[in-house]
Amino acid sequence: MKGIITVVGGDKVGIIAKVSAYLAQHSINIADITQTILSGNFVMMMMVEFDKADIDIDTARKDLTAEAENLGVEINLMNEKVFSAMHRI
């Protein structure tokens, strides 16, 4: 299963490192990643794969939401199929 993670918030050192470390700790593969700074805001989107993960997407969502509070950003994780359905034109 694939998921889409979005991270938005003030730019600061360590955002990518903390999110990536969490994913690696749980064997969640980063299939694709893009990030930029828009008007001083950090914006990142990742496509991740849960095929070999030791946790499910709901647990990851809860953990990343808690980490977002520590980082002062907003982190969202959703199933890639749900994300694609929401963003169809």
* Just by modelled atom types, is the D11 backbone N or O under 3.5 Å from a matching donor or acceptor in the N41 side chain? -> no
* Derivation and outcome, side-chain contact (heavy atoms from CB on, under 4.5 Å), residues I4 and M45 -> CA-CA 7 Å; I4 302 291; M45 182 178 285; 4.0 Å; yes
* Decide yes or no for M1 and N79: does some side-chain heavy atom of the first lie under 4.5 Å from some side-chain heavy atom of the second? => yes
* **4.5 Å side-chain heavy-atom contact, I30 and D32** => no
* Asked: With a 4.5 Å heavy-atom cut-off, do I75 and T65 have their side chains touching?
  -> no
* Structure fact -> Heavy-atom closest pair (S20 atom, M46 atom, distance to 0.1 Å) is OG-CE, 3.8 Å
* To do: Please tell me if the side chains of N29 and L23 come closer than 4.5 Å, counting only heavy atoms from C-beta onward.
  => no
* Of all the heavy-atom pairs spanning F50 and I57, show the shortest one and how long it is. => CE2-CA, 3.8 Å
* Among N70, L71, V7, which residue meets the side chain to side chain contact (heavy atoms under 4.5 Å, CB included) test with K18? -> L71
* Minimum heavy-atom distance between D54 and H26, given as atom pair plus value -> OD1-ND1, 2.9 Å
* Asked: Is there a path of hydrophobic side-chain contacts, each under 4.5 Å between heavy atoms of I, L, V, M, F, W or Y residues, that connects I33 with M78?
  -> no
* Asked: Looking at side-chain heavy atoms only, is the closest gap between F42 and I37 below 4.5 Å?
  -> yes
* If you look at every heavy atom in L77 and A60, which pair is closest and at what distance? -> CD2-CB, 3.6 Å
* Asked: How far does CD of E74 sit from CD of E69, to the nearest 0.5 angstrom?
  -> 11.0 Å
* Asked: What pair of heavy atoms forms the shortest contact from I55 to Y22, and how long is it?
  -> CD1-OH, 3.0 Å
* Asked: Considering the options V8, I16, T6, which one meets the side chain to side chain contact (heavy atoms under 4.5 Å, CB included) requirement together with M44?
  -> I16
